[in-house]
Every structure is written in structure tokens, then in C-alpha cells.
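Down below is the structure, laid out as C-alpha cells.
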Amino acid sequence: MGYKVAVVGATGNVGREMLAILAERTFPADEVVALASRRSLGTEVSFGDKILKIKALEHCDFSDVDICLMSAGSPVAKEWAPKIAAAGAVVIDNSSYWRYDADVPLIVPEVNAGALADFRKRGIIANPNCSTAQLVVALKPLHDKARIKRVVVSTYQSVSGAGKEAMDELFTQTKAVFQIDEIAANKFPKRIAFNLIPQIDVFMEDGYTREEWKMVVETKKILDPKIRLTATCVRVPVFIGHSEAVNIEFEQPITADEARELLRNAPGCLVIDSREPGGYVTPYEAVGEDATYISRIREDATVENGLSMWIVSDNLRKGAALNAIQIAECLVNRKLITAKRKAA
Ligand SMILES: NC(=O)c1ccc[n+]([C@@H]2O[C@H](COP(=O)([O-])OP(=O)(O)OC[C@H]3O[C@@H](n4cnc5c(N)ncnc54)[C@H](OP(=O)(O)O)[C@@H]3O)[C@@H](O)[C@H]2O)c1
């Protein structure tokens with residue numbers, strides 16, 4: 001007997017990727033239910049070589065669901081995660097709503113799978129922000145070796161990180177540029193086609209955006225509260241794949257060669273780093289891939305024990321759907337959950 005898995009937000013960017021990854025990795029599911037809002041009732045989505053019909057979230061009976069993968073935004077997570085958890089399903093949520101709750105583990109399996117054991121307090125596990133997930137995968141082995149003091153990160157985040165409507169907006173605006181039509185910006189605060197926007201999420205009182213704040217708080221919660229981090233998050237006209245230019249200051253010495261070797265052997269990391277034209281990874285090449293790619297590793301002589309690097313990953317996979325499914329796999333492999341049907 002396998003597990004019954006519900007995917008909430010199954011018509012969205014992340015939800016569709018979740019269904020694809022569940023099938024690809026042959027997750028031990030006996031049954032997968034695809035859920036979204038009432039607007040999508042009856043819409044069909046692919047699950048491996050099967051087609052699933054979307055059901056409305058509010059019509060689902062969760063009493064025999066074991067795992068609920070949620071990617072429907074914060075308002076839905078706020079209202080539904082506790083109800084679904086109360087029905088006995090473990091909720092793995094992609095929104096930011098539960099991430100900062102002290103009783104909800106925030107997990108990147110390569111980094112802090114040990115913290116999963118705490119999930120029973122609320123029955124909810126949070127998935128980090130897409131930019132944080134790929135960052136901490138690369139920072140972890142370096143932190144273990146030389147203790148990170150401070151990180152300065154600039155992100156180049158694709159439009160898919162803002163949902164399917166945001167991808168449509170880049171497409172429509174790009175077409176309008178070529179057709180010399182009027183350009184409408186609805187999803188983003190300014191035109192995104194052939195442009196960059198140095199604002200992701202809302203502004204906070206101190207002048208940082210909430211996306212930047214998330215990277216600070218989430219890195220501390222997942223990796224180490226002592227790490228100081230400052231971020232500038234920028235939206236770029238790329239459909240899928242987030243990139244990050246990262247500068248790291250360590251307590252102890254570490255060379256670029258040592259870092260390259262550590263990252264080559266680290267879970268989830270793939271080093272592509274040759275000092276010649278094209279000897280690095282771009283977001284386009286990371287699409288559909290599971291790895292966090294690290295390129296341009298070099299020593300930063302402007303600080304004591306400094307390194308700079310370029311980190312790229314598919315934000316819909318490691319930044320969202322893949323990470324959530326890796327969490328579910330950890331629950332199963334560590335025997336932290338039992339299928340309800342099997343237990344009955
Ligand atoms: N994209 C990323 O890189 C990324 C990374 C990390 C986390 N996340 C988070 O994952 C979540 C989803 O992101 P996304 O990019 O997949 O967004 P999206 O493409 O806009 O999809 C949103 C999904 O949520 C569903 N939904 C909305 N309101 C609902 C309701 N009242 N009841 C049930 N379902 C509802 C939508 O269903 P309908 O089609 O029926 O409206 C759709 O399936 C967000 O919280 C986002 O912050 C995204």
C-alpha cells in the first residue's frame with residue numbers, strides 16, 4: 001500500500017511541476033488527487049502518462065490523504081493548512097505563510113533534514129523561498145568547512161517565480177514590443193520585457209523588500225542564525241531559472257580550489273566552472289534540471305577569507321516543487337509517516 005497524495009494548486013506553475021516530479025521520481029503514491037480553485041473545476045492536468053481532472057479544494061475529503069503538497073499562495077495556506085493537518089495529512093506548503101512559525105520546520109533536505117522531526121507540532125512543513133533554497137544548498141558545505149560570517153547576494157529572478165500570470169505578462173509584453181503595440185504592466189510594477197525590476201514583493205519600513213527580508217530570515221532558520229546576510233532581489237526577463245551573484249566572508253581561510261572540491265562532492269550541487277567563454281551555467285541551461293549549479297568560484301581579495309560565486313537553479317524545481325517532494329521522500333524514508341490505508 002502506497003500513500004494518497006493531494007496536490008493543492010495543481011493548475012499552477014509549481015503544482016504542475018509537482019505532478020511531473022512525483023511521476024518522474026516514482027514517488028510511492030497509490031493515488032494522486034489534483035486540486036485547485038473552483039475556477040479550474042474539470043480542467044485536465046498531466047501526471048506522468050495519466051490525465052487527472054481537477055477537483056475543487058473545498059470539496060476534498062482529506063481524511064484518507066497522507067501527504068498534501070500545497071502551492072496555492074498564502075491566503076489558501078493560512079486557511080487550509082491547519083484544517084488539512086487536523087484531518088491527519090502532513091502538509092508541505094510552498095507559500096511564505098508558515099515559514100516563520102517557530103513550530104513549523106522550514107526544510108531544505110540537503111541542509112537540515114534533521115529538523116523534520118518537529119513537524120508533528122502542527123502537522124505542517126514549510127518550503128523556503130526559491131532564492132533561499134538554492135543559496136543554502138551551496139552555502140551548507142562551505143559553512144561546515146570554514147564558518148560563514150557574512151553573505152552579500154544579488155539575485156536575478158525569473159518571472160515564473162511570480163506565477164503563471166507573470167509568465168504570460170512577459171510573453172505578451174515581448175510580443176507587443178515587436179508588434180509596436182501598447183505595453184500593459186499588470187502583474188509587475190513596471191514593464192518587464194527587455195527590462196529589469198529591482199523590487200520583488202512589497203517594501204518594508206527599512207527600505208528592503210519582503211523578498212530580501214525572506215532570504216535573511218530563512219537562511220538563519222535553515223542554516224545558522226549567526227550568519228549575517230544582505231540581499232538585493234531583482235526580477236529579470238527570463239521565464240524560468242533564478243541566478244545569484246554571491247559574495248561570502250568566512251571566519252576561517254578557504255581557497256577557491258577547496259570550495260570547488262567541497263561543492264563537487266556536496267549533495268544537490270553541480271560545479272560547472274572553467275575560466276573560458278561559456279564555462280559557466282546560465283538559467284536557460286538549468287531549466288528542467290534538479291541541481292543547484294555553481295560557477296565562477298573565485299577568491300575575493302577585498303576581504304579576509306572571501307569567496308565570490310554564481311549560483312543558478314530551476315526555481316520551479318529546487319526552489320519549489322522538487323524541494324517539497326524531497327521533503328515528502330524524507331518523511332517516507334525516515335519512516336516519519338505511515339500510509340493511512342496501510343495502518344487501517
Ligand atoms: N514559482 C516559484 O518559483 C515559487 C517558488 C517557491 C514558492 N512558490 C509559492 O508557491 C505558490 C504557488 O506559486 P505558483 O508560481 O505555482 O503560482 P500560480 O502559477 O499562480 O498558481 C497558483 C495556484 O493556486 C491555485 N489557487 C489559487 N487560489 C486558490 C483557492 N482559493 N483554492 C484553491 N486553489 C487556489 C490556483 O488555482 P486556479 O488555477 O484554479 O486559480 C493555481 O493552481 C505561491 O505561494 C508561491 O509563493 C512559488
Side-chain angles (χ1 to χ4, degrees), residues 6-21 33-45 52-60 62 68-81 83-84 91-99 106-108 124-136 155-171 186-188 200-202 210-211 214-215 218 222 233 235-236 238-244 283 286-288 292 312-327:
V7 176
V8 179
T11 54
N13 274 342
V14 175
R16 284 176 193 267
E17 204 67 40
M18 281 172 166
L19 290 169
I21 295 172
V33 201
L35 305 168
S37 77
R38 260 181 292 174
R39 294 179 291 272
S40 301
L41 209 61
T43 304
E44 295 185 334
V45 287
L52 303 180
K53 268 207 164 42
I54 294 285
K55 295 181 182 153
L57 168 62
E58 57 263 52
H59 297 156
C60 181
F62 285 93
C68 175
L69 302 168
M70 271 196 127
S71 65
S74 287
V76 176
K78 179 185 176 189
E79 181 187 346
W80 282 91
K83 290 186 196 168
I84 297 168
V91 178
I92 303 173
D93 180 43
N94 265 280
S95 81
S96 60
Y97 188 80
W98 295 101
R99 288 180 198 155
L106 177 63
I107 302 291
V108 174
I124 303 169
I125 301 163
N127 214 55
N129 180 259
C130 34
S131 304
T132 312
Q134 66 185 66
L135 180 69
V136 294
T155 70
Y156 304 75
Q157 297 181 221
S158 67
V159 293
S160 59
K164 57 188 183 210
E165 286 171 16
M167 295 179 85
D168 291 344
E169 185 151 307
L170 172 59
F171 181 78
N186 301 312
K187 188 76 190 167
F188 294 114
I200 301 182
D201 211 331
V202 296
R210 195 168 149 80
E211 185 81 353
K214 285 177 205 164
M215 290 193 79
E218 294 178 20
I222 298 165
C233 293
R235 187 73 71 193
V236 298
V238 166
F239 280 106
I240 299 174
H242 286 1
S243 307
E244 298 174 340
V287 177
T292 292
V312 181
S313 197
D314 180 329
N315 54 294
L316 297 179
R317 290 179 77 94
K318 186 59 201 169
L322 173 67
N323 196 70
I325 289 159
Q326 286 174 317
I327 293 172

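If you read the sequence from its start, that first residue is 1, and numbering goes on from there. Read the numbers this way: they start at 1 and go in the same order the structure lists the ligands and their atoms.
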For this session: Give the intermediate values and the outcome of side-chain hydrogen bond (donor to acceptor under 3.5 Å, both in side chains) for residues Asn13 and Ser160.
Result: CA-CA 7 Å; Asn13 274 342; Ser160 59; 5.2 Å; no
Problem set entry | Val76 and Ser95: CA distance, side-chain angles, deciding distance, side-chain contact (heavy atoms from CB on, under 4.5 Å) verdict | CA-CA 9 Å; Val76 176; Ser95 81; over 6 Å; no
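Under a cut-off of 6.0 angstrom, the local environment of CZ in Phe239 is crowded, with over 12 non-hydrogen atoms contributed by other residues, nucleotides or ligands. By the neighbour-count criterion of 12 heavy atoms within 6.0 Å, atom CD of Glu58 is densely surrounded, having more than that number from other residues, nucleotides or ligands. Counting heavy-atom neighbours within 6.0 Å of Lys187 NZ, excluding the residue itself, gives a total above 12.
For atom 48 (C) of ligand 1, the closest heavy atom belonging to the protein is Val14 CG2, 3.6 Å. Of all protein heavy atoms, the one closest to atom 46 (C) of ligand 1 is Asn94 O, 4.5 Å. The closest protein non-hydrogen atom to atom 3 (O) of ligand 1 is Asn315 ND2, 3.1 Å. Of the protein's non-hydrogen atoms, the one nearest atom 41 (O) of ligand 1 is Arg39 NH2, 2.8 Å. Closest to atom 45 (O) of ligand 1 among all protein heavy atoms lies Gly73 CA, 3.1 Å. If you check which protein heavy atom lies closest to atom 26 (N) of ligand 1, you get Ala72 CB, 3.8 Å. In terms of protein heavy-atom proximity, atom 36 (C) of ligand 1 is nearest to Thr11 OG1, 3.8 Å. Closest to atom 1 (N) of ligand 1 among all protein heavy atoms lies Ser160 O, 3.0 Å.
Looking at Met18, Glu17, Gln134 one by one, the single match for side chain to side chain contact (heavy atoms under 4.5 Å, CB included) with Arg317 turns out to be Glu17.
With sequence neighbours left out, the salt bridge (charged side-chain N to carboxylate O under 4.0 Å, His left out) criterion links Lys214 to Asp201, Glu211. With sequence neighbours left out, the side chain to side chain contact (heavy atoms under 4.5 Å, CB included) criterion links Lys83 to Glu79, Trp80.
Shown here for Ala320 and Asn127, the closest heavy-atom pair between the two residues is O-ND2, 3.0 Å.
Contact analysis puts Leu316 in contact with ligand 1, with a non-hydrogen atom separation below 4.0 angstrom.
Neither the backbone nor the side chain of Ala77 has any atom closer than 4.0 Å to an atom of ligand 1 (non-hydrogen atoms only). Under 4.0 angstrom from ligand 1, the non-hydrogen atoms of Ala10 all belong to its backbone. Within the 4.0 Å heavy-atom criterion, the part of Val76 lying near ligand 1 is the side chain and not the backbone.
Annotation: Gly12 places an N or O atom under 3.5 Å from an N or O atom of ligand 1; distance criterion only. Distances between N or O atoms of His242 and those of ligand 1 include no value under 3.5 Å. Taking any N or O of Ser40, backbone or side chain, at least one lies under 3.5 Å from an N or O belonging to ligand 1.
Here atom 22 (C) of ligand 1 lies nearest to Ser71 when heavy atoms of Gly163, Ser71, Cys60 are compared.
Judged purely by atom type and a 3.5 angstrom limit, Glu169 uses its side chain to pair as donor or acceptor with the backbone of Phe188.
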